[in-house]
Amino acid sequence: MPDRAPQPVERQLPTDEARDLISLVRDIAQREIAPKAAEEEDAGHFPREVFGLLSESGLLGLPYDSEYGGGDQPYEVYLQALEELAAARLTVGLGASVHTLACHALANYGTKEQQVEHLPAMLGGGLLGAYCLSEPSSGSDAASLRTKAVRDGDDWVITGTKAWITHGGIADFYTVMARTGGEGARGITAFLVPGDAEGLHAALPEKKMGMKGSPTAQVHFDGVRVPDERRIGDEGQGFAIALSALDSGRLGIAACAIGVAQAALDEAVAYATGRQQFGRPIADFQGLRFMLADMATQIEAGRALYLAAARLRDAGRPFSKQAAMAKLLCTDAAMKVTTDAVQVLGGYGYTADFPVERYMREAKVLQIVEGTNQIQRMVIARHVAGPDSR
């Protein structure tokens with residue numbers, strides 16, 4: 001097969017510091033992550049040591065305040081770092097995105113005292129977070145969650161089960177949404193729960209078609225006692241906090257999707273320019289050339305959309321609609337691009353000897369997590385046409 005190496009993505013970055021940062025991320029990704037990705041995914045190995053390295057390198061708190069150990073980077077830079085990580089291995093890129101999501105509530109809604117006490121370890125102290133909103137009976141309808149937190153003196157006692165939790169069972173802290181009041185969105189409150197809290201335990205990880213190295217598990221809270229000092233925001237504010245986090249998290253998923261798609265395109269181009277049939281490279285045939293052109297165009301369009309949404313966020317402007325659009329477009333593009341990459345490689349693409357079959361399996365979950373793409377269409381339509389009249 002060919003010696004043709006993938007060309008680095010041409011990125012628009014705002015500062016020299018940002019360019020150096022992306023170069024560092026790319027170096028770590030290609031040196032420490034990509035070479036072991038296929039083997040470790042096949043074995044179901046979670047690369048905790050890689051997350052330790054990312055934390056030591058200041059790469060797990062990029063969009064947060066440097067006062068607490070963050071990187072002070074705008075979202076347009078942070079997301080491009082995520083893209084580089086996901087291109088090397090989605091377990092790492094998505095894991096970094098989920099960790100950022102888990103830090104969002106405390107970083108944006110916590111008190112000064114809470115931030116001083118907890119954020120430095122969360123952002124740069126080697127800790128790994130998880131985000132607990134979904135439950136076995138409340139996925140898309142997150143406001144119907146049943147996990148309860150009952151006040152007991154100066155503590156809260158949390159009881160219930162969360163589902164589909166990335167890093168479930170291995171996280172050092174969990175940002176948990178629990179019901180403290182009546183039914184509906186206004187009865188939900190956010191809590192920061194230590195990973196070693198008594199009464200907290202995880203089920204066996206789910207057996208998934210992709211991302212086998214990233215543990216996804218139910219997390220059970222059996223009378224977990226949490227002091228009121230670990231309540232984030234006001235009572236009843238939890239659902240608004242959750243939605244705010246998800247707007248940003250959807251941009252993380254979009255960036256990860258483009259990373260996977262870019263990796264698939266790079267592999268397809270390398271194969272097509274090296275594979276000889278009928279006396280010439282198969283990349284010479286118009287059918288394949290047009291496929292590669294379409295794949296590249298979808299990737300560029302997705303990258304432009306998620307960056308446009310990120311720049312709105314960085315400017316302090318509303319970006320919920322654009323975040324939903326980016327998540328929808330980028331993850332659908334990743335599914336199409338990775339499927340086409342398998343087709344370009346033909347029979348070889350269907351084997352585990354080449355990574356494109358893994359990319360295709362991994363791309364599928366990105367259309368589901370942090371709001372299915374059907375939910376994204378509902379969010380977008382609400383912005384475009386107004387609320388449903390029912």
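Counting begins at 1 with the first residue of the sequence.
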Is a side-chain donor-acceptor pair under 3.5 Å present for S248 with R313?
-> yes
In terms of side-chain geometry, is the basic nitrogen of E67 or K112 positioned less than 4.0 Å from the acidic oxygen of its partner?
-> yes
Considering all heavy atoms, the nearest A142-I188 contact = O-CD1, 4.4 Å
One should read off an interatomic distance between Q276 CD and D284 CG, to the nearest 0.5 angstrom, of 8.0 Å
Check against side chain to side chain contact (heavy atoms under 4.5 Å, CB included), Q367 and D332 = CA-CA 7 Å; Q367 295 178 302; D332 279 356; 2.7 Å; yes
Atom CD of Q343 with >12 non-hydrogen neighbours under 6.0 angstrom | no
Nearest heavy atoms of S137 and S144, plus distance in Å | O-OG, 4.4 Å
Residues R311, D314; criterion salt bridge (Lys or Arg N to Asp or Glu O under 4.0 Å); working and verdict = CA-CA 5 Å; R311 288 166 185 143; D314 291 334; over 6 Å; no
Measure from the side-chain N and O atoms of E229 to the backbone N and O of Q114, and report whether any donor-acceptor pair falls under 3.5 Å.
-> no
Is it true that a side-chain atom of Q376 and a backbone atom of G371 form a donor plus acceptor pair closer than 3.5 Å?
-> yes
Pairs where residues 54-91 contributes a residue and the test ring-ring contact (aromatic ring centres under 6.0 Å, His included) is met, not counting sequence neighbours | Y75-Y78
Y350 backbone acceptor or donor facing E357 side chain under 3.5 Å = no
Minimal heavy-atom distance between R361 and G210, with the atoms involved, is NH1-CA, 3.6 Å
Note: A324 and V379 closest approach over all heavy atoms is CB-CG1, 3.8 Å
Let me see the working for H383 and S320 under side chain to side chain contact (heavy atoms under 4.5 Å, CB included), right down to the final yes or no.
-> CA-CA 9 Å; H383 282 279; S320 179; 3.7 Å; yes
Is any NZ, NE, NH1 or NH2 atom of the basic residue among R179 and E135 found under 4.0 Å from an Asp or Glu carboxylate oxygen of the other?
-> no
Within the side chain of K327, is there an N or O that forms a donor-acceptor pair under 3.5 Å with the backbone of L366?
-> yes
Test item: side-chain donor near acceptor, E267 and Y359, under 3.5 Å | no
Return yes if some donor-acceptor pair links the side-chain N/O of R230 with the main-chain N/O of L192 below 3.5 Å, else return no.
-> yes
Paired with T91, the side-chain hydrogen bond (donor to acceptor under 3.5 Å, both in side chains) test is passed by just one of E41, E362, H45, namely E41
Evaluate ring pair (Phe, Tyr, Trp, His ring centres under 6.0 Å) for F46 paired with H167, printing each intermediate quantity in order.
-> CA-CA 9 Å; F46 179 73; H167 304 154; 5.6 Å; yes
Is Y348 reachable from V344 through a run of hydrophobic residues whose side-chain heavy atoms are each under 4.5 Å from the next?
-> yes
Same cluster (ILVMFWY, side-chain, under 4.5 Å), V176 and I165 | yes
CG (L292) and OG1 (T297) are apart, to the nearest 0.5 Å, by 10.5 Å
Go through the steps for R225 and D152 under the test salt bridge (Lys or Arg N to Asp or Glu O under 4.0 Å), then give the verdict.
-> CA-CA 9 Å; R225 187 171 289 271; D152 182 16; 2.9 Å; yes
Starting at CH2 of W164, measure out to OG of S134 and round the result to the nearest 0.5 Å.
-> 9.5 Å
To the nearest 0.5 Å, atom OG of S55 lies from atom CG of L60 at 5.0 Å
Shared hydrophobic cluster, V150 / M177 (ILVMFWY, side-chain heavy atoms < 4.5 Å) = no
So does K148 have more than 12 non-hydrogen atoms from other groups sitting under 6.0 Å from NZ?
-> no
Salt bridge flag under 4.0 Å for residues D172 and R48 | yes
Stepwise side chain to side chain contact (heavy atoms under 4.5 Å, CB included) test for I28 and V50 = CA-CA 9 Å; I28 291 175; V50 167; 5.7 Å; no
Please say whether more than 12 non-hydrogen atoms of neighbouring residues, nucleotides or ligands are located less than 6.0 Å from CZ in R31.
-> yes
Cluster check L79, L21: I/L/V/M/F/W/Y, side chain < 4.5 angstrom | yes
K162 side chain vs F221 backbone, donor-acceptor pair below 3.5 Å = no
Could you tell me whether a side-chain N or O of E84 sits under 3.5 Å from a main-chain N or O of Q30, the two making a donor and an acceptor?
-> no
Could R303 and E300 be called an ion pair, given the rule that one side-chain N must be under 4.0 Å from one carboxylate O?
-> yes
Give, for atom CG of L251 and atom CG of L101, the distance between the pair rounded to the nearest 0.5 Å.
-> 11.5 Å
Got more than 12 heavy atoms from elsewhere within 6.0 Å of CZ, R377?
-> yes
Donor-acceptor under 3.5 Å (R186 side chain, G236 main chain) = no
Under the 3.5 angstrom rule, does the side chain of K208 hit a backbone N or O of V365 as a donor-acceptor pair?
-> no
Would you say the side-chain atoms of Y306 pair up with the backbone N or O of L329, donor to acceptor, closer than 3.5 Å?
-> no
All heavy atoms of Q73 vs all of V77, minimum pair found to be OE1-CG1, 3.4 Å
Hey, any chance L82 and L246 share a hydrophobic cluster, counting ILVMFWY side chains that come within less than 4.5 Å of each other, even indirectly?
-> no
Is it true that the side chains of D294 and Q298 contain a donor and an acceptor less than 3.5 Å apart?
-> no
Is there a donor-acceptor contact under 3.5 Å linking the side chains of S244 and N108?
-> no
In terms of heavy-atom contacts, does CD of E49 have more than 12 from other residues, nucleotides or ligands at under 6.0 Å?
-> yes
What one should report as the nearest heavy-atom pair of S97 and G252 is OG-CA, 3.6 Å
R89 CZ to R358 CZ distance, which is reported to the nearest 0.5 Å = 7.5 Å
Pairs where residues 133-157 contributes a residue and the test ring-ring contact (aromatic ring centres under 6.0 Å, His included) is met, not counting sequence neighbours = W156-F191
Begin with the C-alpha distance, continue with both residues' side-chain angles, and end with the deciding distance and a verdict on side chain to side chain contact (heavy atoms under 4.5 Å, CB included) for L106 and T175.
-> CA-CA 9 Å; L106 188 65; T175 297; over 6 Å; no
